[in-house]
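Okay, so here's the structure we're looking at.
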There are 2 protein chains.
Amino acid sequence: MQARATGPTIDDVFHALGDPTRRAIVERLSQRPESMSDLAAPFDMSLAAVGQHVQVLERSGLVRTEKIGRTRTCEINPLGMALARQWLEARRRLWETRFDRLADFLGENEDGAD
Amino acid sequence: MQARATGPTIDDVFHALGDPTRRAIVERLSQRPESMSDLAAPFDMSLAAVGQHVQVLERSGLVRTEKIGRTRTCEINPLGMALARQWLEARRRLWETRFDRLADFLGENEDGAD
DNA sequence: ATAATACTGAAGTTCAGGCTTTAGTATTCC
DNA sequence: GGAATACTAAAGCCTGAACTTCAGTATTAT
């Protein structure tokens with residue numbers, strides 16, 4: 001039955017980044033990959049809880065994991081970050097072109113043009 | 001009593017962007033400023049609910065509003081977007097330098113290059 | 001002045017999501 | 001083999017946050 005054939009959505013990404021613990025995990029993994037236990041150690045919560053956060057991050061394309069033997073290693077997945085960045089950039093383009101049009105409008109009605 | 005003297009935090013911004021309705025609001029406002037009512041119209045929820053979302057967006061620095069007469073006009077505030085973008089960029093720099101160091105390591109142990 | 005509009009505040013309801021605990025499974029060590 | 005390690009799945013608890021409704025204020029229109 002192959003659920004979740006499609007990749008992560010923008011909603012997945014921003015929902016994942018909305019939680020401070022998950023952002024902290026992303027920050028740590030931005031520096032180096034880590035095992036589940038090492039990753040969980042500094043947090044004031046159970047290993048299981050951190051595991052759940054990692055699952056959310058994985059589904060959102062922000063983290064990639066691989067299990068070797070009995071340890072699972074987690075590392076950053078650029079895909080999720082790219083999705084987030086693209087969304088922000090797209091919005092920025094929109095309101096910047098709005099400002100440009102405003103500037104054009106002000107510009108052509110200024111001075112002795114025409 | 002002047003609460004909230006300090007500006008919006010990263011947590012405010014990403015929490016705000018974590019909700020799909022609020023992202024939809026940001027998308028609309030990226031195109032043009034709108035009154036509360038106009039903004040709320042297309043959403044399948046009460047005006048009050050949209051108003052609450054706008055408050056969250058305002059506290060997070062993603063939206064700016066101004067009340068003139070009895071209508072409140074909402075528009076994008078670049079500050080929040082900038083905060084989000086900065087956070088993403090900072091993480092990206094981290095793991096990219098990690099990759100660079102890896103590349104350097106591989107490079108210096110390869111071929112005769114120096 | 002009265003009515004209509006455009007919000008705004010407050011209180012209550014509901015539910016998703018973050019956490020815990022417990023009980024597993026798979027792997028490595030001795 | 002048995003004991004320790006490293007997760008993982010499942011169940012339940014609990015809080016925060018999203019939404020509603022309703023009542024209230026300020027502004028504009030007639």
Write out a two-atom table: protein N or O, nucleotide N or O from nucleotides 12-14 of chain D, distance below 3.5 Å.
none

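Taking OG of B/Ser35 as the reference point, atom CD1 of B/Ile68 lies at 11.5 Å (rounded to 0.5 Å). Between atom CZ of residue A/Arg85 and atom CZ of residue B/Arg85 there is a gap of 10.5 Å, rounded to the nearest 0.5 Å. Atoms CZ and CD1, from B/Arg23 and A/Ile10 in turn, are 7.0 Å apart once rounded to the nearest 0.5 Å. Taking OG1 of B/Thr71 as the reference point, atom CD of B/Glu66 lies at 9.5 Å (rounded to 0.5 Å). With rounding to the nearest 0.5 angstrom, the CD1 atom of B/Ile76 is 8.0 Å from the CG atom of B/Leu57.
Using a distance-only test at 3.5 Å, with no hydrogens or angles considered, no donor-acceptor pair links the side chain of B/Arg64 to the main chain of B/Asn77.
Residue B/Arg72 has no polar side-chain atom (N or O) positioned under 4.0 Å from OP1 or OP2 of C/dA6. Checking the phosphate oxygens (OP1, OP2) of D/dT8, a side-chain nitrogen or oxygen of A/Lys67 falls inside 4.0 Å.
Remark: P of C/dA16 and CG of A/Asp12 are 16 Å apart, rounded to the nearest angstrom. Rounded to an integer number of Å, the gap from A/Arg23 CZ to C/dG18 C1' is 15 Å. In this entry the distance linking CD of A/Gln55 with P of C/dG18 reads 12 Å, nearest Å.
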Between protein and nucleotides 16-30 of chain D, map the contacts as a letter string: B base, S sugar-phosphate only, - none, heavy atoms under 4.0 Å, written 5' to 3'.
--SBBB-----BS--

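Residues A/Arg92 and A/Glu89 are paired through a salt bridge, judged by an N-O separation under 4.0 Å between the basic side chain and the carboxylate.
In terms of hydrophobic clustering, with Ile, Leu, Val, Met, Phe, Trp and Tyr side chains grouped at heavy-atom distances under 4.5 Å, A/Leu83 and A/Trp87 are assigned to a common cluster.
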